[in-house]
Amino acid sequence: MDAVNHQVRLAARPVGLPKPSDWPYTEEPVTEPGDGEVLVKIRYIGLEPAMRGWMNESRSYIPPVQIGDVMRGFAAGEVIASNHPNIAAGDHVNGLLGVQEYAVAKGDGVFKLDTGLAPLETYLGTLGMPGMTAYFGLIDIGRPAEGETVVVSGAGGAVGGAVGQIAKIKGCRVVGIAGGSEKCSYVQELLFSGENTGKLVLHVAEN
Ligand SMILES: NC(=O)c1ccc[n+]([C@@H]2O[C@H](COP(=O)([O-])OP(=O)(O)OC[C@H]3O[C@@H](n4cnc5c(N)ncnc54)[C@H](OP(=O)(O)O)[C@@H]3O)[C@@H](O)[C@H]2O)c1
């Protein structure tokens with residue numbers, strides 16, 4: 001294949017905020033998928049707070065990104081070649097495909113997506129890792145009961161926004177906390193439609 005893969009690699013472990021020199025921009029030929037692998041043309045890349053932690057050389061739930069490696073990241077795209085029995089060219093998938101334009105990945109390591117159900121980019125948000133975190137964190141761990149109050153920090157964020165909406169659907173009173181009046185207005189209008197106190201967004205669920 002003649003296509004060129006554009007990639008963002010980690011050149012140095014950032015101290016504080018990452019800076020442009022931490023990220024060399026590299027190009028290499030796109031490679032063919034091996035046995036059981038798929039070649040994905042990436043259309044969307046997620047930007048997660050977790051990515052900052054993955055840049056650090058510290059013990060965590062996942063090893064740090066190594067210096068020189070393509071930056072780890074969730075991405076969604078279209079399969080353009082497949083050697084996996086359950087995935088065909090034209091299918092849409094997501095997974096930890098990295099901050100790059102093309103990815104060769106194990107077919108068993110990506111999720112096949114139904115873009116008839118929701119647009120591809122939604123599978124990096126509400127139907128992706130942030131939405132799964134919100135759903136399982138609230139439902140399986142938090143176990144909210146109807147009528148209970150759920151307090152959501154970071155309520156304007158990807159996870160918090162979904163938590164607030166799920167809690168509301170479950171018949172809970174939702175208190176969202178967001179930084180500043182602009183964010184509170186956003187949370188109020190789009191997520192909770194309640195009284196805006198400037199720092200707290202309050203909503204009593206309509207059951
Ligand atoms: N364990 C897991 O599997 C898992 C999965 C997904 C996410 N997470 C964690 O859940 C948290 C929320 O993730 P998210 O995807 O919802 O993130 P997000 O969309 O970026 O939202 C994060 C929120 O944190 C607040 N914040 C506080 N200090 C900040 C700072 N210095 N810079 C930027 N934002 C800051 C901001 O809200 P305010 O300004 O309103 O405070 C922001 O809206 C993160 O800590 C993330 O690592 C964990």
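Every number for a ligand or one of its atoms is a count from 1 in the order of the listing.
- N5 and Q100 form a side-chain donor-acceptor contact under 3.5 Å, judged by distance and modelled atom types alone.
- Summary of contacts: the protein heavy atom closest to atom 45 (O) of ligand 1 is P49 CB, 4.6 Å.
- Of the protein's heavy atoms, K183 NZ, 2.5 Å lies nearest to atom 39 (O) of ligand 1.
- Here the CD1 atom belonging to I177 is positioned 12.5 Å from the NZ atom belonging to K183, to the nearest 0.5 angstrom.
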| field | Candidate pair M51 and V99, rule side-chain contact (heavy atoms from CB on, under 4.5 Å), full reasoning | value | CA-CA 11 Å; M51 293 165 86; V99 183; 3.9 Å; yes
| field | Residue pair E101, I42: steps toward the side-chain contact (heavy atoms from CB on, under 4.5 Å) verdict | value | CA-CA 5 Å; E101 206 175 337; I42 292 174; 5.8 Å; no
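- Under the 4.0 angstrom criterion, atom 36 (C) of ligand 1 counts as having a protein heavy-atom contact.
- The protein does not reach atom 11 (C) of ligand 1 closely, with no heavy atom under 4.0 angstrom from it.
- Within the 4.0 angstrom cut-off, atom 29 (C) of ligand 1 has no protein heavy-atom neighbours.
- T133 CG2, 4.1 Å is the protein heavy atom nearest to atom 2 (C) of ligand 1.
- Atom 24 (O) of ligand 1 has its closest protein heavy atom at G154 CA, 4.7 Å.
- Remark: atom 33 (C) of ligand 1 lies closer than 4.0 Å to no protein heavy atom.
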| field | Stepwise side-chain contact (heavy atoms from CB on, under 4.5 Å) check, V40 with V93 | value | CA-CA 8 Å; V40 184; V93 296; 3.8 Å; yes
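- Residue R9 holds its CZ atom at 12.5 Å from OH of Y25, rounded to the nearest 0.5 Å.
- Scanning the protein heavy atoms around atom 41 (O) of ligand 1, the nearest turns out to be G179 N, 3.9 Å.
- Heavy atoms only, all atoms of each residue included: A11 and P24 are closest at CB-CD, 3.2 Å.
- In this structure, atom 26 (N) of ligand 1 has no protein heavy-atom contact shorter than 4.0 Å.
- At a distance under 4.0 Å, a protein heavy atom can be found next to atom 20 (O) of ligand 1.
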| request: Step by step, work out the salt bridge (charged side-chain N to carboxylate O under 4.0 Å, His left out) result for K106 and E37. | output: CA-CA 4 Å; K106 286 190 169 47; E37 291 183 332; 5.0 Å; no
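- For a threshold of 3.5 Å applied to N or O pairs, the pair formed by A158 and ligand 1 contains at least one separation below that value.
- Under 4.0 Å is where a charged nitrogen must lie from a carboxylate oxygen, and between E146 and K170 no such pair does.
- In this structure, atom 7 (C) of ligand 1 lies nearest to the protein heavy atom V159 CG2, 3.7 Å.
- In this structure, the side chain of N56 does not engage the main chain of S58 through any donor-acceptor pair within 3.5 Å.
- Among protein heavy atoms, atom 22 (C) of ligand 1 sits closest to G157 CA, 4.6 Å.
- For atom 6 (C) of ligand 1, the nearest non-hydrogen atom of the protein is M129 SD, 3.3 Å.
- The contact set between ligand 1 and A178, taken as ligand atoms under 4.0 Å from a residue heavy atom, comprises 40 (O).
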